2 protein chains.
Amino acid sequence: MSDTVPRPTLEAVAARAGVSRATVSRVVNGGDGVREPLVERVRRAVEELGYVPNQAARSLVTKRHDAVAVVIAEPETRVFADPFFALQLRGISKELTAHDNQLVLLLTEGRDDHARVARYLAGGHVDGALVFSLHVDDPLPGLIQGAGVPTVFGGRPGWGDGTRDVVYVDSDNRGGARAAVRHLVGLGRTRVAHITGPLDQTSAADRLQGYRDVMGDAGPRLVVESDFTPGGGERAMRDLLDRCPDVDAVFAANDLTASGVLRVLRERGRRVPEDVAVVGFDDMVPVAEQTDPPLTTVRQDIEEMGRIMTRLLLRGLDRRNTGEAAPDGVGTTAPGGPVLPTVLPTTLVRRASA
Amino acid sequence: MSDTVPRPTLEAVAARAGVSRATVSRVVNGGDGVREPLVERVRRAVEELGYVPNQAARSLVTKRHDAVAVVIAEPETRVFADPFFALQLRGISKELTAHDNQLVLLLTEGRDDHARVARYLAGGHVDGALVFSLHVDDPLPGLIQGAGVPTVFGGRPGWGDGTRDVVYVDSDNRGGARAAVRHLVGLGRTRVAHITGPLDQTSAADRLQGYRDVMGDAGPRLVVESDFTPGGGERAMRDLLDRCPDVDAVFAANDLTASGVLRVLRERGRRVPEDVAVVGFDDMVPVAEQTDPPLTTVRQDIEEMGRIMTRLLLRGLDRRNTGEAAPDGVGTTAPGGPVLPTVLPTTLVRRASA
DNA sequence: GGGGGAGGTGAGAGCGCTCTCGGTGACGGG
DNA sequence: CCCGTCACCGAGAGCGCTCTCACCTCCCCC
């Protein structure tokens, strides 16, 4: 086994089955229009020779690759190291597998990488792309949009001014935030603070918006900007306690932040939820269940999000192939309904912290 | 832009530059043996037309793909959702990018997926594979070994009886464990317990072995089997306290377990490190730095591990191409030194818990 | 009973690239 | 001055597949 055995070709299978290449090809690709006995013979030949189609040769003529790129634009280790993308990938992978597509992973590291990714996508090596870019000012989405590759974004892109037809899938950050804050208000809390994420990310901005929807102009006094990390949560909470010692509830922009918040509250001797009620966001189970007390939080189904994105993309690709004129946005107006941005629901998970 | 513009071919570039296809090909692939003025002309033509080589056509003739598969065999969500693989992927991605290779991600879900993955790899769609399989009884490594694809494993494979030549990269789990336990002993602790990971994973088994190296036959009294999770750590620690109330140190098989341990100790009113010293493993920063008190732990450089695996694989592939007979193990005996299993060092990181 | 389908099957032309191999010009030595 | 050498370049043959046609049976219907 020291050198790779030359793998059997269509030709070889055809010879063995006593038919033409064309017939073997037909059988391999579904077998329509071939009479049963022949199908059987070809199948056996394929089996016996251990034939596997050469994807390169196939792509060369079909111009399809049965592969999609997943682009994760994340300069910051922190975010990448959290379970978010892992779950997302899982969902994507499942769905791609179910449709016999491969997943080509592209991680970007800093600015110069953007060009590389754009070039790769423009190079037509994949049929489509799923792109995660969290930052408002990220040039990557624009580049990709320009590359002419069917694309679905994960999370609302920052520059989405609503006029361009981008297809994206996002969680209902705003609605989830509203639910969280309403819950706190419903508990009778009157001084509900919000510790935000980095506001150059749309998810953080949308959560803040949701908070404002409920609290109206609670004033900037109760809003502290932070960065989605436990450490950031700690700092923000200290600030907050110093400035407004009478706060009786905190809506943290994510669970990691909330864990920092809880730590500071404990350290300062405030009881949770009696003195201060705390709600997080994400329902990162390993975090939320392990805090003390267990965290009430807003759940978003990350894995499902990946799955939906994939389904959307594949649907768009499929339309392309069936000849419908599908603009870059993955096919917008077409029978079967336009492919539109999708917002997935979020739900409040009540545990002990609020 | 509604329909994809036909992308320029070599032919087109050749025409524009006024040379033959062959010359363009030479230039595109390094440009050796082509006179400078021609190189220049071809470069300009490539630039002007925005030419990008068609990878499928190229693969068809070279039989190389410049792509490697990363196989993550992990039925359990828990493990996949921790930062481990994310970091690993990051390292792999960086290294692959540096060598102009693509990363094809294959996640397996349950048994039937194994066949799919094996078929894919055997299909010769990628040049090599990086495989992560944590469980001793996992059939996947065997299947892959059989597929005849150059492979490097992440972590010592369970069936590695030392006789077959598998190439793997692993952290020095055993040595790290020894360092941890020695540290505890050096602190004057005499009843050092160990809470293990799932012992069907080699990493967990190796850590236990390291513990035994130092403690000798401390007896099974002080060893509790667990599962690498915080919840598991809690249960194990409760058990332990009930059975041996006098334990004065715990070496937890990973940081997650340690976090559970710390929680139980706090709940039972034991001070850390005064009453019970605790050491973890992994140095998962977001966990270890955020525990109370911050966790002393054994660091392994996960990202580096991914990088090394990749380098090893690419080196093996390179040898193949340069004609040296390279057996499946990615090329074992060859000038430049055999490609051998690599064990990366681990270091003790002292924080407050021990 | 013959003509027209319809349903199967095969021949052949590429897809865009690499790579061998033969040809060509410049140059130096005999 | 001629020929061998060398460095460079182009022609052409595929790589393994799909897909369009043309062809060839049958079978059905008039």
Side-chain angles (χ1 to χ4, degrees), chain A residues 4-43 45-46 49-67 100 122-125 127 321-323, chain B residues 4-43 45-46 49-67 100 122-125 127 321-323:
Chain A
T4 323
V5 196
R7 301 170 349 80
T9 70
L10 250 205
E11 188 75 49
V13 178
R16 176 148 196 136
V19 298
S20 72
R21 283 204 319 282
T23 299
V24 178
S25 178
R26 279 188 272 260
V27 171
V28 169
N29 295 290
D32 310 323
V34 178
R35 248 185 294 254
E36 193 46 44
L38 273 200
V39 171
E40 200 39 53
R41 248 162 61 204
V42 171
R43 288 249 162 79
V46 165
L49 296 175
Y51 170 76
V52 183
N54 179 323
Q55 184 61 44
R58 179 180 283 175
S59 296
L60 185 55
V61 29
T62 60
K63 282 150 181 11
R64 293 191 306 99
H65 301 84
D66 295 323
D100 272 314
H125 302 292
D127 299 330
N321 294 335
T322 53
Chain B
T4 323
V5 195
R7 300 171 347 83
T9 72
L10 249 205
E11 187 75 49
V13 178
R16 175 150 198 136
V19 298
S20 74
R21 281 205 320 282
T23 298
V24 178
S25 178
R26 278 188 271 260
V27 171
V28 169
N29 295 291
D32 309 324
V34 178
R35 245 185 297 255
E36 192 47 44
L38 272 201
V39 171
E40 198 40 52
R41 247 162 62 205
V42 171
R43 288 250 163 80
V46 165
L49 296 175
Y51 170 76
V52 182
N54 180 322
Q55 183 61 42
R58 179 180 284 174
S59 296
L60 184 56
V61 31
T62 61
K63 282 154 184 5
R64 294 190 305 100
H65 301 85
D66 295 322
D100 273 314
H125 303 294
D127 300 329
N321 294 334
T322 54

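Just so you know, these numbers come straight off a predicted model, no measurement behind them. To find a chain, count down the sequence lines: A is the first, B the second, and so on, and within it residues start at 1. Values below: every heavy atom of this structure, side chains too, minus hydrogens, waters and symmetry copies.
Between B:His125 atom NE2 and D:dC17 atom C1' the separation is 13 Å, expressed in whole Å. To the nearest angstrom, P of D:dG10 lies 12 Å from CD of B:Glu11. Going from atom CG of B:Leu60 over to atom C1' of D:dC15 covers 4 Å, rounded to whole Å. Between the CG atom of B:Leu10 and the C1' atom of C:dT18 there is a distance of 9 Å, given to the nearest Å. Rounded to whole angstrom, the span from the NZ atom of B:Lys63 across to the C1' atom of D:dC17 amounts to 12 Å. Per the geometry, CZ belonging to B:Arg35 stands 11 Å off P belonging to D:dG10, to the nearest Å. Regarding B:Asp66, its CG atom lies at a distance of 15 Å from the P atom of C:dC17, rounded to whole Å. Across the protein-nucleic acid pair, B:Arg7 atom CZ and C:dC17 atom C1' stand 13 Å apart, rounded to whole Å.
Taking 4.0 angstrom as the limit, A:Asn29 places a side-chain polar atom (N or O) nearer than this to OP1 or OP2 of D:dT18. Taking 4.0 angstrom as the limit, B:Ser20 places none of its side-chain polar atoms (N or O) nearer than this to OP1 or OP2 of D:dC9.
Looking at which nucleotide of DNA chain D each of B:Val24 and B:Ala57 is closest to, the 5′-most match is held by B:Val24.
Remark: side-chain polar atoms of B:Ser59 are paired, donor with acceptor, to backbone N or O of B:Gln55 under 3.5 angstrom.
Within the 4.5 Å cutoff, the side chain of A:Arg43 has no heavy atoms near those of the A:Val13 side chain.
A pairwise comparison of heavy atoms in A:Val28 and A:Tyr51 identifies CG2-CE2, 4.1 Å as the closest pair. Across all their heavy atoms, A:Asp66 and A:Asp127 have their closest contact at N-OD2, 2.7 Å.
In this structure, of D:dC17, C:dT9, D:dC19, it is C:dT9 that holds the atom nearest to the side chain of A:Thr23. Ranking D:dT18, D:dC15, C:dG10 by closeness to the A:Ala22 side chain, first place goes to C:dG10.
Below the 3.5 angstrom threshold, one finds a donor paired with an acceptor across the side chain of A:Arg26 and the base of C:dG10. In terms of polar N and O atoms assigned as donor or acceptor, the side chain of B:Arg21 comes within less than 3.5 Å of the base of C:dT18 in a complementary pairing.
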